[in-house]
Amino acid sequence: MFQYLMPTKIHFGRGVIENNKNDMEKLGRKAYIITGKSSSKVNGSLAQITNALERLAIKYAIFDEVEENPSIETVEKAAAIGQKENVDFVIGIGGGSPLDVAKAVAVFIKNPQINKDNIIGSQQLSYLPVVAVPTTSGTGSEVTQHSVITFHREKTKKNLGQAIFPRVAYLDSSFTDHTPYDITVNTAIDAFTHLVESYLNTNATMMSDLYCEKGLELFKSCFEHLINRNLTEKFRDSMMLASMFGGIAIAQTGTSLPHGMGYPLTYYKGLPHGLANGVLTIEYLKIFKNKDKIKRMLKLLGMDKMEQLEKVFDTLIQVDIKLTSEEILEYSSGIASNKRKLKNHPEEVGEKDIEKVYRNSFK
Ligand code: NAP
Ligand code: ZN
């Protein structure tokens, strides 16, 4: 028995915005573009969207202040402007941060009674149509319902808990062609952890496994390209595809322990999202008791031993932060009380296991 839902219309390939711009015509007469501070102006994605809108005679306003790990205050600020501008739909352009803000803003504009104090725990709310243009590979946010936002008051990130699937996603990997090596690695590791955490998830189904297996297979060559710093167009296409598969998979299953455990590493230690999960992945895999699915996963990666994957991670991930014993205890008790994340991990796991993963990851 399974359920499957991923209602986003996907356009994948170089040049897809120009060739499929008419899909935006159906969404309204005024768009609200949500993006980061600079990258979308450099990689061509913003210009491609504004050109398409101008050709369709769709008016637009731009909010270009989204920071990494965006805060709920940024969502409120952008939504207030969007309400004044009377926009009909929202276009997120960038990495996961602008895409997640675009989704949240689509909810906030449609529901003026919603604010940072009452969004968490709200029942499902209506939202303006969202168009997503990812420029990292990545979070897969363009094909998930999740919007992950930082709440400084509680010193953590939270999934808003609303299902906000984009209506249309334009995936053009040429926007990633000149992404610096460190961002390429960090975001690739994020995509990889989505595939792993979905594959080894309590909620895994035949459908989510299909996407995970295809994505893991792509990583077989993507890891080689990353290690050799051979970042060809073919590699960029494969990475964006693998990221999309990871997104579709976590839209079905959610993520698991490393994502929950990574949040304090991002919040308190400033580790980029992908790196924060990646630094924990190997030790997380080691505490897994059921080795059958792990073996299948390694086989898809063209490996037969965990040590081979560990070597890849050692090469790609360099983190020079330290955790004190007090920090490990504090983070571990936080995640041990996060019932939602624990329930996605299919085996019994206690606070001591979580402490062990942190401790061994930062030896
Ligand atoms: P990001 O925070 O969106 O961006 C990181 C950096 O990369 C920024 O400096 C950004 O610059 C730059 N950048 C973006 N695209 C670029 C490009 N093509 N070339 C060069 N630089 C580029 O990073 P991300 O890893 O994609 O997203 C992480 C966020 O997504 C986290 O908040 C995480 O919690 C969330 N997430 C959401 C989901 C979901 O399903 N919704 C899943 C996983 C993660 P600018 O600021 O100038 O644009
Ligand atoms: Zn992630």
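Order of appearance sets the numbers: ligands from 1, and atoms from 1 within every ligand. What you are looking at is a predicted structure, and each value in this text was computed from that prediction instead of being measured.
Here the heavy atom of the protein found nearest to atom 2 (O) of ligand 1 is S97 OG, 2.6 Å. In this structure, atom 24 (P) of ligand 1 lies nearest to the protein heavy atom G96 N, 3.5 Å. Protein heavy atom in closest approach to atom 35 (C) of ligand 1: D100 OD2, 3.6 Å. Summary of contacts: the protein heavy atom closest to atom 13 (N) of ligand 1 is S39 OG, 3.5 Å. Remark: minimum distance from atom 7 (O) of ligand 1 to any protein heavy atom is reached at I183 CD1, 3.6 Å. With hydrogens left out, the protein atom closest to atom 46 (O) of ligand 1 is K37 N, 3.7 Å, a heavy atom. Nearest protein heavy-atom contact of atom 6 (C) of ligand 1 is E68 OE2, 3.7 Å. Regarding atom 42 (C) of ligand 1, its nearest protein heavy-atom neighbour is T139 O, 3.5 Å.
Inspection of the environment of the Zn ion (ligand 2) yields the following protein N, O or S atoms under 2.8 Å: D190 OD1, H194 NE2, H259 NE2, H273 NE2.
Considering T144, V143, N277 only, the shortest heavy-atom separation from atom 40 (O) of ligand 1 involves T144. Residue nearest to atom 32 (O) of ligand 1, selected from K157, H273, E65: K157 (by heavy-atom distance).
Aromatic rings from H194 and F245 are positioned such that their centres are separated by 6.0 Å or more.
No cation-pi contact links K103 to Y127, judged by a cut-off of 6.0 Å to the six-membered ring centre and 45° from its axis.
Residue-to-ligand polar distances keep D190 apart from ligand 1: every N/O pair is separated by 3.5 Å or more. Ligand 1 has no N or O atom lying under 3.5 Å from any N or O atom of H259, backbone or side chain. Here's the thing with P98: none of its N/O atoms is less than 3.5 angstrom from an N/O atom of ligand 1.
Heavy atoms of T135 found under 4.0 angstrom from ligand 1 belong to the backbone as well as the side chain. Contacts of P134 with ligand 1, taken as heavy-atom pairs under 4.0 Å, are absent altogether.
In summary, K116 and E73 engage in a salt bridge, as defined by a charged side-chain N under 4.0 Å from a carboxylate O. Here K214 pairs with E217 in a salt bridge; the nearest charged N to carboxylate O distance falls below 4.0 Å.
The closest approach between any non-hydrogen atom of H178 and ligand 1 is not below 4.0 Å.
Side-chain contact between I335 and Y263: absent, with no pair of heavy atoms (C-beta onward) separated by less than 4.5 Å. For the pair Q252/Y4, a side-chain contact is recorded, criterion being any heavy-atom separation below 4.5 Å from C-beta on.
For the side chain to side chain contact (heavy atoms under 4.5 Å, CB included) criterion with I317, the lone passing option out of I189, I282, T281 is I189.
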